[in-house]
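One structure below.
Numbered from 1 within each chain, the chains take letters A, B, ... in sequence-line order.
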Amino acid sequence: MPDRKVRVRFAPSPTGPLHIGGVRTALYNYLFAKKHDGDFILRIEDTDKNRYVPGAESYILETFDWCGLPFDEGIIEGGEYGPYRQSERKGVYEQYAVKLVEEGKAYYAFDTPEALEEMRKQQESSGSSLTGYNHQSRKEMRNSLTLPPEAVEQLLDEEAHYVIRIKIPEDEEIHVRDEIRQDLVFQSSTLDDKVIFKSDRLPTYHLANVVDDYLMKITHVIRGEEWLPSLPLHVLLYTFLGWEEDMPAFAHLPLILKPTGKGKLSKRDGEKMGFPVFPLEWMDPETGEVSSGYKQEGYFPEAFINLLVMLGWNPGTAQEIFSLDEMVEAFSLDRVGRSGARFDPDKARWFNHQYLAKKDDQELANEYARILRDKKIEAEPSYIEKVVGLIKERADFVRDFWDQSFFFFQAPQEYDQKIVKKRWKQDSPEILKDLFPILEKTAPWERDVLEKNVKAFIEYKELGMGRVMIPVRLCLVGSGMGPDLFTIMEMIGREGTLDRIKKGIHEIPGEN
RNA sequence: GGCCCGUUCGUCUAGCCAGGUCAGGACGCCAGGUUUUCAUCCUGGUAACAGGGGUUCGAAUCCCCUACGGGCUACCA
């Protein structure tokens with residue numbers, strides 16, 4: 001298969017929102033495809049109609065739209081190997097299942113749920129280590145291996161409910177290769193005769209995925225580690241179908257684990273841990289329950305992708321911040337780790353911080369303007385942009401901007417009591433009153449002029465910066481935080497500055 | 001229970017395949033510096049080879065066992 005064009009697929013089941021593990025799997029597929037100038041395909045695996053959740057499919061589409069990971073082929077893009085929804089491919093699977101039966105590699109099974117239940121109970125009580133429908137138990141069940149041919153014919157004609165099961169060889173070693181874990185060997189005797197074709201005349205995942213990957217000329221299957229146990233079954237299917245020459249390479253990605261405790265990340269974890277598990281906000285159509293998403297939490301898609309790529313893969317260098325192009329360039333399957341990764345919310349914020357600090361002021365100002373508008377605050381775009389430039393490095397998200405910059409838009413409503421207690425001395429009002437005329441006379445009202453005049457005042461009064469500046473900051477900002485004070489003064493203007501100082505002198509209690 | 005995968009600082013990880021480094025980086029945390037303050041930023045520090053056996057002059061690296069963690073075990077994907 002060496003000179004085939006690389007083709008990979010992301011094959012979600014529309015049973016709900018994707019979580020970040022799914023997005024990461026898709027991302028690795030995308031990176032691998034692009035690295036090798038290959039195709040990235042979306043295939044919807046909706047062969048279980050009972051688990052279908054409305055909205056899940058469009059959620060998947062919106063997610064990749066937001067992340068900026070376009071598919072080359074898929075349910076929207078189309079492509080020459082369509083359709084890309086398994087429910088629309090119903091007709092293609094049965095022939096392969098029947099072919100396997102005809103060749104003695106699979107068989108019809110007519111067992112009722114009760115009979116299967118009975119079989120399980122018996123296996124349990126007998127303490128047998130081999131469980132399931134397997135090379136032993138199949139001899140005692142109702143199937144085309146045990147029934148006389150006429151009876152089988154009759155049952156099939158009657159359209160009795162039946163399934164097709166793969167006939168696992170009794171005692172064989174199945175050698176498989178995983179690109180991440182290298183060579184693995186499974187004993188066929190420990191495998192069971194999985195249903196490959198259901199009584200609703202739809203294939204199970206195992207058959208559908210093998211048939212479609214073959215028909216769609218998939219060269220590499222990159223999926224979650226939860227599929228590793230069924231790899232020997234899939235390999236056997238390729239062999240039975242006579243497709244071993246075209247069998248794709250397999251890579252099973254380590255799982256993303258809960259941040260605390262153990263276990264793989266699941267839907268409920270997010271709310272408890274205080275970080276999203278979903279890329280986009282999701283509302284459960286049945287319960288109406290809303291789960292938060294990275295987008296809505298304020299993550300940039302580039303940051304989201306970046307933090308995901310580092311969860312399980314590393315470039316072997318110290319680089320941590322990657323553009324999508326850089327990721328494509330650097331990515332390789334052999335640098336994917338083998339052990340599960342725990343998600344670290346702190347590091348996630350750090351990634352967003354890195355992107356935020358590098359973002360264009362104007363772009364950020366546009367986003368911030370929306371927040372300000374919601375707060376009924378009017379300001380010139382150029383003013384907002386200037387504010388953003390001053391405070392963006394202090395924030396992790398755009399939504400942090402307000403707390404970092406409200407004083408550029410309105411006088412403080414309260415004063416930080418800790419700072420008041422520590423830095424608002426008995427003579428502070430007096431000092432500010434003395435400073436007042438200096439500020440009144442300062443012209444032009446510009447940062448550097450303000451600095452020069454105020455510093456001259458401080459020197460003349462022999463006071464020291466802290467004695468003067470911190471009380472002023474308290475008046476203008478309400479606390480000890482914020483960027484350069486002279487810049488703040490320039491920005492809020494002479495009137496604003498003087499008003500706030502006056503207000504502070506009256507309202508800040510002089511306990512000390 | 002059975003089958004399979006995994007295990008390096010609190011977290012993400014480099015190093016392992018081709019044994020020899022004070023086991024490196026990042027996040028977090030702590031300290032110092034810068035600053036009019038807070039934050040940013042800079043510097044420094046903290047902290048790990050799951051345990052036990054082998055093989056070897058020498059093991060985080062190779063082998064075995066144990067422990068622990070995880071996944072799978074449906075007519076789900």
Side-chain angles (χ1 to χ4, degrees), chain A residues 11-15 45-48 50-51 109 111 113 116 123-124 127-133 161-165 178 180-182 184-187 189-192 194-206 208-209 223-232 252 254-255 257 259-264 307 310-320 334-335 337-351 353 357 391-395 404 416 419 423 451 454-455 458 464-474 477 479-486:
Chain A
S13 179
T15 53
E45 309 229 328
D46 53 353
T47 52
D48 184 358
N50 299 320
R51 293 211 310 159
D111 311 281
L116 293 171
Q123 287 174 335
E124 208 172 307
S128 129
S129 66
L130 278 188
T131 55
Y133 210 115
H161 278 257
Y162 66 87
V163 300
I164 296 177
R165 287 180 183 272
D178 176 82
I180 291 164
R181 276 155 250 276
Q182 309 308 314
L184 307 171
V185 185
F186 293 81
Q187 301 300 325
S189 58
T190 64
L191 269 33
D192 56 358
K194 281 272 180 295
V195 171
I196 57 175
F197 198 77
K198 300 181 283 180
S199 61
D200 62 3
R201 305 185 77 78
L202 253 26
T204 59
Y205 169 83
H206 304 294
N209 135 77
R223 78 235 288 200
E225 195 185 339
E226 69 267 28
W227 293 111
L228 196 52
S230 47
L231 180 56
H252 291 89
L255 268 15
L257 276 16
T260 57
K262 303 292 179 180
K264 77 170 171 177
L307 70 92
M310 299 306 288
L311 230 45
W313 171 84
N314 79 84
T317 67
Q319 187 178 356
E320 291 197 278
D334 55 16
R335 293 210 66 89
R338 290 161 302 271
S339 50
R342 210 150 295 151
F343 185 84
D344 180 1
D346 278 330
K347 188 104 187 215
R349 306 175 83 246
W350 177 82
F351 273 109
H353 175 82
I391 53 104
K392 67 176 178 182
E393 291 196 356
R394 316 164 76 92
Q404 293 294 338
D416 184 333
I419 306 292
R423 312 303 283 264
E451 179 177 31
V454 172
K455 280 189 171 164
I458 289 169
M465 291 291 271
R467 287 281 293 287
V468 179
M469 297 302 279
I470 294 172
V472 172
R473 182 176 291 277
L474 211 37
V477 175
S479 72
M481 65 174 292
D484 175 66
L485 201 46
F486 299 112

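Closest to the side chain of A:T190, from the set B:C3, B:A14, B:G1, is B:C3. Comparing atom distances between the A:W350 side chain and each of B:C27, B:A14, B:U40 picks out B:C27 as nearest. Between B:A26, B:A77, B:G2, one nucleotide has an atom nearer to the side chain of A:E320 than all others, and that is B:A26. The nucleotide whose nearest atom lies closest to any side-chain atom of A:R394 is, among B:A14, B:A39, B:U37, B:A39. Side chain of A:L311, nearest nucleotide from B:C12, B:C27, B:U8: B:C12. For A:A341, taking side-chain heavy atoms from C-beta onward, the closest of the listed nucleotides B:U13, B:G28, B:U40 is B:U13. The listed nucleotides are B:A14, B:A77, B:U8; the one nearest the side chain of A:S339 is B:U8. Set against B:A14, B:G6, B:C3, the side chain of A:F186 has B:C3 as its closest nucleotide. Picking from B:C12, B:G15, B:C16 the nucleotide with the shortest atom distance to the side chain of A:R338 gives B:C16. Among the nucleotides B:U40, B:G71, B:C27, the one closest to the side chain of A:P229 is B:G71.
A:R201 is listed as a side-chain neighbour of A:Y162, based on a closest heavy-atom distance under 4.5 Å. The shortest side-chain heavy-atom distance between A:Q319 and A:M310 does not fall under the 4.5 Å cut-off. In this structure the side chain of A:P232 reaches within 4.5 angstrom of the side chain of A:L191, judged on heavy atoms. Considering only heavy atoms from C-beta on, A:M469 comes within 4.5 Å of A:F486 through its side chain. When side chains are defined from C-beta on, A:I196 does not count as touching A:P203, because their heavy atoms never get closer than 4.5 Å.
The base-pairing partner of B:G44, taking Watson-Crick or G-U wobble contacts with both distances under 3.5 Å, is B:C30. With a 3.5 Å ceiling on both atom-pair distances, B:A14 lacks any Watson-Crick or G-U wobble partner. Nucleotide B:A39 is matched to nothing when pairs are restricted to Watson-Crick or G-U wobble geometry with both distances under 3.5 angstrom. A 3.5 Å limit on both hydrogen-bonding distances identifies B:G6 as the Watson-Crick or G-U partner of B:C68.
Using a 4.0 Å cut-off between charged nitrogen and carboxylate oxygen, A:D346 and A:R349 do not count as a salt-bridge pair. The residues A:R342 and A:D344 are annotated as not salt-bridged, no charged nitrogen and carboxylate oxygen being separated by less than 4.0 angstrom.
Using cut-offs of 30° and 60° for the angle between ring planes, the A:W227 and A:Y205 rings count as parallel.
Of all heavy-atom pairs between A:I470 and A:I419, the closest is CG2-CG2, 4.1 Å. Pairing each heavy atom of A:L130 with each of A:S189, the nearest pair is CD2-O, 3.4 Å. The two residues A:T204 and A:V195 have their closest heavy-atom pair at OG1-O, 2.9 Å.
Between A:D178 atom CG and B:C72 atom P there is a gap of 16 Å when expressed in whole angstrom units. Rounded to an integer number of Å, the gap from A:Q319 CD to B:G25 C1' is 13 Å. Straight-line distance from the CZ atom of A:F486 to the P atom of B:U37: 12 Å, rounded to whole Å. Spacing between atom CZ of A:F351 and atom C1' of B:C12 amounts to 8 Å, rounded to whole angstrom units. If you take CG of A:L307 and P of B:U13, they are 12 Å apart, rounded to a whole angstrom. The separation between A:Y133 atom OH and B:U73 atom C1' is 17 Å, rounded to whole Å. The nearest whole Å value for the distance from the CG atom in A:L255 to the P atom in B:A77 is 18 Å. In this structure, A:L130 atom CG and B:U73 atom C1' are separated by 12 Å, rounded to whole Å.
By the neighbour-count criterion of 12 heavy atoms within 6.0 Å, atom CD of A:E124 is sparsely surrounded, having that number or fewer from other residues, nucleotides or ligands.
Between the P atoms of B:U43 and B:G25, the separation comes to 12 Å (whole Å). Nucleotides B:C16 and B:A74 have their C1' atoms positioned 39 Å apart, rounded to a whole Å. One P atom belongs to B:A60, the other to B:U8, and the distance between them is 15 Å to the nearest Å. Straight-line distance between the P atoms of B:G28 and B:U11: roughly 16 Å, to the nearest whole Å. Taking atom C1' on both B:A59 and B:C64, the two are 15 Å apart, rounded to the nearest angstrom. As rounded to the nearest Å, B:G2 and B:A47 have P atoms that lie 41 Å from one another. Of the C1' atoms belonging to B:C63 and B:A26, the separation is 34 Å, rounded to the nearest Å. Remark: the separation of the C1' atoms in B:C49 and B:U13 is 13 Å, to the nearest Å.
Looking at which nucleotide of RNA chain B each of A:G316 and A:D344 is closest to, the 5′-most match is held by A:D344. Of the two residues contacting RNA chain B, namely A:P12 and A:K455, the nearest-nucleotide position lying further toward the 5' end is that of A:K455.
Using a 4.0 Å heavy-atom distance criterion, A:G482 is classed as a base contact. Using a 4.0 Å heavy-atom criterion, one finds that A:R181 contacts the sugar-phosphate atoms exclusively. The residue A:P232 sits apart from the nucleic acid: no heavy atom pair falls under 4.0 Å. Counting any heavy atom pair closer than 4.0 Å across all strands shown, A:R223 reaches no nucleic acid atom. Nucleic acid contact for A:L184: sugar-phosphate only, since backbone atoms but no base atoms lie under 4.0 Å from a heavy atom of the residue. Using a 4.0 Å heavy-atom cutoff across all strands shown, A:G337 reaches no nucleic acid atom at all. Counting non-hydrogen atoms under 4.0 angstrom, A:L485 reaches a base of the nucleic acid.
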Exercise. Evaluate salt bridge (charged side-chain N to carboxylate O under 4.0 Å, His left out) for A:K347 paired with A:E320, printing each intermediate quantity in order.
Key: CA-CA 11 Å; A:K347 188 104 187 215; A:E320 291 197 278; 2.8 Å; yes

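Side-chain contact of A:R223 with A:H252: a donor-acceptor pair under 3.5 Å is present, judged by distance alone.
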Do any N or O atoms of the protein come closer than 3.5 Å to N or O atoms of nucleotides 42-47 of chain B, and which pairs are they?
none

Tabulated below should be each protein N or O lying under 3.5 Å from an N or O of nucleotides 74-76 of chain B; please produce it.
{"residue": "B:C75", "atom": "OP2", "partner": "A:R165", "partner atom": "NH2", "Å": "3.3"}
{"residue": "B:C75", "atom": "O2", "partner": "A:S199", "partner atom": "N", "Å": "2.7"}
{"residue": "B:C75", "atom": "O2", "partner": "A:S199", "partner atom": "OG", "Å": "2.5"}
{"residue": "B:C75", "atom": "N3", "partner": "A:S199", "partner atom": "OG", "Å": "2.9"}
{"residue": "B:C76", "atom": "O2'", "partner": "A:D48", "partner atom": "OD2", "Å": "2.9"}
{"residue": "B:C76", "atom": "O2'", "partner": "A:R51", "partner atom": "NE", "Å": "3.1"}
{"residue": "B:C76", "atom": "O2'", "partner": "A:R51", "partner atom": "NH2", "Å": "3.3"}
{"residue": "B:C76", "atom": "O2", "partner": "A:R51", "partner atom": "NH1", "Å": "3.2"}
{"residue": "B:C76", "atom": "O2", "partner": "A:R51", "partner atom": "NH2", "Å": "3.1"}

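A donor-acceptor contact under 3.5 Å is not formed by the side chain of A:R342 with the base of B:U11.
Phosphate proximity of B:U13 to A:N314: absent, as no side-chain N or O sits under 4.0 Å from OP1 or OP2.
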